[in-house]
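Beneath this line is the structure, given in structure tokens, with notes to follow.
Sequential numbering from 1 along the given sequence is applied to the chain's residues.
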Amino acid sequence: MITKIFRLFCAGFLGCFISAAMTACSDDHTGSINVGGSCLVEEFVLNGQYPATISTEKRLVKVKVPADFNQKDNMEVTAMKISDGAMSNIKVGDHINLDADKTLHISNGDLVMDYQVAVRNDEAKMTLFLLEGVKGAINQDEKTVTVSVMANSGIDLANATFEVECSEDATCSPASGTKGNFTEPFQITLTDNTATTTYTVYVTLIEDPVALFVGEAENVELLNDEEKAAAKWLTGNISGSAYASWADVASGAISLDRCRLIFYHRHSPSPGTYNGFADAETEAMAALPRMKEFWKNGGAFVLSRSAVNYAIALGAMPEDAYPNNVWGGGGGEGSDLMGDDPWHFYAYDITHPLWKGLKTYPGAAENAIYTLDNGYTICNTTSQYGFWGEYEGGKDAFEAKTGGRALGGDNSVSSWELKAANGEFGKGGIICFGSGLFDWNSPTSYISNYHDNMGTIMLNALNYIGAE
């Protein structure tokens, strides 16, 4: 294994070798580097009964303790074996606080290696459930999973494939990726040593959805990754919600009698004009008569990315009021938002119902809206209004031209609302998110914090424009 110091040694050795060709290194070898040993951790035991699993590749010394163990703040190192001749900063007999990970520093001559000592309670927790690609809503208190499936989905519930993601060391029975009979409550048991949790899965057949994500694909799994993530959030977080194709909507195969909100999140190269959008989104336009009827009867919409142009098709905006600042359309590549303070935009009125209950960055402006996290990568597809040309007058010019209300932006209008068919803002209205920061899928890993605001905003929208 090659540590940083060993790499420096190699560089130094090469330098000495080159120098020797000219002047020769000193015969007494004073200052030579000793890399003859190793820095392995071969055994590590806490409290006389909790041996570690040691990964040299990950530089990790992981100790598992029972699920109810609560004394990690004072643990004794009762056995430790490291490479011959090596030294460490932690020794047998030490009492250490392992509520948080500790660094185990091993040195042997001029070689050094750091390991993280981590103590983890046994845990058997389900974090994701999919039934034939449909995301389930997990209730951790009641240990239940509820999956809403359209009655005409074509899924054979008596022999349906399910997938489970769970705690790192837990095993799943029956195994994830196998089939089960979901025509009745179905139990899945997770086990990790002393921790055992049984979840019961309930499938609800939906005839009349209360919220609908609509896309071009026949089913959720055939959507692009960005749209798929948005659709799965809706079906997994709003009870009675479902996915439907535009073809199903146009044909009347999907009942809209109880539907309060339609979510249309279209990730595609954004046409610069309304006509460009209409020419590209033929299936959405084919469903327009039914969508106009839905809107006129008090139904609400959340439209995002290039789908904001659908508001023009509905008659909620003038045809020449399409966004003037449009770019993007990548399949996942984009900006990696590094740093603890990720990109954000600003609310024009932070008291608006859409921005209620959001997490914010410490020290940020009161009206800053965060939807992304350190390490999150966005496609950065955007359909917004820049303050030039006929919109040079800023927010006021936007509102005069579109008839809408500016909700957020950054020297722009990137989120806005439009009136309901009855001419009033609020119930039955349309929320538009043209910002690239309204993003659902990151191809890079990140720890979700501010991205949770996405779900909060959507629930706020449902309560604001989709209220019963």
Side-chain angles (χ1 to χ4, degrees), residues 128 130 133-135 163 165 211-238 241-246 249 261-272 276-277 280-284 301-311 323 325-338 342-345 369-384 408 414-415 431-459 461:
L128 178 68
L130 298 174
V134 180
K135 183 180 177 183
E163 298 174 65
E165 291 183 7
L212 204 60
F213 185 100
V214 186
E216 292 185 354
E218 181 179 346
N219 59 63
V220 171
E221 292 304 312
L222 296 179
L223 294 170
N224 61 55
D225 288 343
E226 173 64 24
E227 293 174 16
K228 185 190 303 183
K232 287 186 175 180
W233 181 90
L234 188 79
T235 58
N237 291 277
I238 296 180
S241 63
Y243 172 82
S245 69
W246 283 114
V249 172
L261 178 79
I262 288 178
F263 183 16
Y264 180 18
H265 179 68
R266 184 62 175 135
H267 173 61
S268 66
S270 302
F277 168 84
E281 308 302 318
T282 55
E283 293 192 29
F301 287 86
V302 171
L303 306 174
S304 54
R305 295 278 169 90
S306 64
V308 299
N309 287 283
Y310 206 59
N325 188 18
V326 179
W327 71 82
E333 72 278 12
S335 299
D336 185 0
L337 306 181
M338 300 301 291
W343 290 358
H344 49 278
F345 59 94
I369 305 296
Y370 287 81
T371 57
L372 304 165
D373 290 289
N374 184 2
Y376 192 102
T377 300
I378 62 171
C379 306
N380 208 16
T381 300
T382 299
S383 294
Q384 64 183 16
S414 60
S415 55
I431 299 293
C432 294
F433 293 106
S435 174
L437 305 190
F438 196 72
D439 193 278
W440 291 95
N441 177 68
S442 173
T444 56
S445 61
Y446 67 100
I447 297 176
S448 183
N449 181 26
Y450 304 117
H451 197 247
D452 295 344
N453 284 338
M454 295 279 290
T456 302
I457 291 169
M458 284 297 298
L459 292 174

Could you tell me whether the side chain of [Y] reaches within less than 4.5 Å of the side chain of [X], counting heavy atoms only?
X	Y	value
Leu130	Glu165	no
Leu372	Ile378	yes
Ile238	Leu459	yes
Ser415	Phe345	yes
Leu261	Val302	yes
Pro323	Asn309	yes
Tyr370	Asn453	yes
Ile262	Tyr310	no

Test side-chain hydrogen bond (donor to acceptor under 3.5 Å, both in side chains) applied to Ser435 - qualifying residues, sequence neighbours left out: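 Once residues adjacent in sequence are excluded, Ser435 has no partner under the side-chain hydrogen bond (donor to acceptor under 3.5 Å, both in side chains) criterion.
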
Apply side-chain hydrogen bond (donor to acceptor under 3.5 Å, both in side chains) to Ser304 and list each qualifying residue two or more places apart in sequence or on a separate chain.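 Expected list: His265.
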
Audit row: Trp246, Tyr264, ring-ring contact (aromatic ring centres under 6.0 Å, His included) steps and yes/no: CA-CA 10 Å; Trp246 283 114; Tyr264 180 18; 4.9 Å; yes

Determine the minimum heavy-atom distance between [X] and [Y], stating which atoms define it.
X	Y	answer
Phe213	Ala230	CE1-CB, 3.8 Å
Cys432	Ala311	SG-CB, 4.5 Å
Val214	Ser245	CG1-C, 4.1 Å
Asn441	Ala229	CB-CB, 3.9 Å
Arg305	Gly436	NH2-O, 3.8 Å
Ser383	Val308	CB-CG2, 3.9 Å

Which residue, Thr444, Thr371, Asp439, forms the side-chain hydrogen bond (donor to acceptor under 3.5 Å, both in side chains) with Tyr376?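 The single option meeting the side-chain hydrogen bond (donor to acceptor under 3.5 Å, both in side chains) with Tyr376 is Asp439.
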
Under 3.5 Å: donor-acceptor pair, side chain of Ser241, backbone of Asn237: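 Checking the backbone N and O of Asn237 against the side chain of Ser241, no donor-acceptor pair under 3.5 Å is found.
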
Given 3.5 Å as the limit, does a donor-acceptor pair link the side chain of Ser442 with the main chain of Thr377, or not?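 Yes.
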
Please assess Ile369 against His344 for the test side-chain contact (heavy atoms from CB on, under 4.5 Å), listing each intermediate value before the final yes or no. CA-CA 6 Å; Ile369 305 296; His344 49 278; 5.8 Å; no

Would you please name every residue forming a side chain to side chain contact (heavy atoms under 4.5 Å, CB included) with Ser448, sequence neighbours left out?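 Result, side chain to side chain contact (heavy atoms under 4.5 Å, CB included) vs Ser448: Asp373, Tyr446, His451, Asp452.
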
Test side chain to side chain contact (heavy atoms under 4.5 Å, CB included) applied to Asn224 - qualifying residues, sequence neighbours left out: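 Only Glu226, Glu227, Arg266, His267 meet the side chain to side chain contact (heavy atoms under 4.5 Å, CB included) criterion with Asn224.
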
Nearest-0.5 Å distance, CG of residue Asn374 to OH of residue Tyr450: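 Here the interatomic distance stands at 10.0 Å.
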
Kindly determine whether Met454 and Trp233 satisfy side-chain contact (heavy atoms from CB on, under 4.5 Å), including the steps that lead there. CA-CA 10 Å; Met454 295 279 290; Trp233 181 90; over 6 Å; no

For Phe438, what residues pass the ring pair (Phe, Tyr, Trp, His ring centres under 6.0 Å) criterion, not counting sequence neighbours?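 Result, ring pair (Phe, Tyr, Trp, His ring centres under 6.0 Å) vs Phe438: Phe433, Trp440.
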
Given side-chain contact (heavy atoms from CB on, under 4.5 Å), test Gln384 with Trp327 step by step and report yes or no. CA-CA 9 Å; Gln384 64 183 16; Trp327 71 82; 3.6 Å; yes

Tell me, please, which residues at least two apart from Lys232 pass salt bridge (charged side-chain N to carboxylate O under 4.0 Å, His left out).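 Salt bridge (charged side-chain N to carboxylate O under 4.0 Å, His left out) list for Lys232, sorted by chain: Glu221.
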
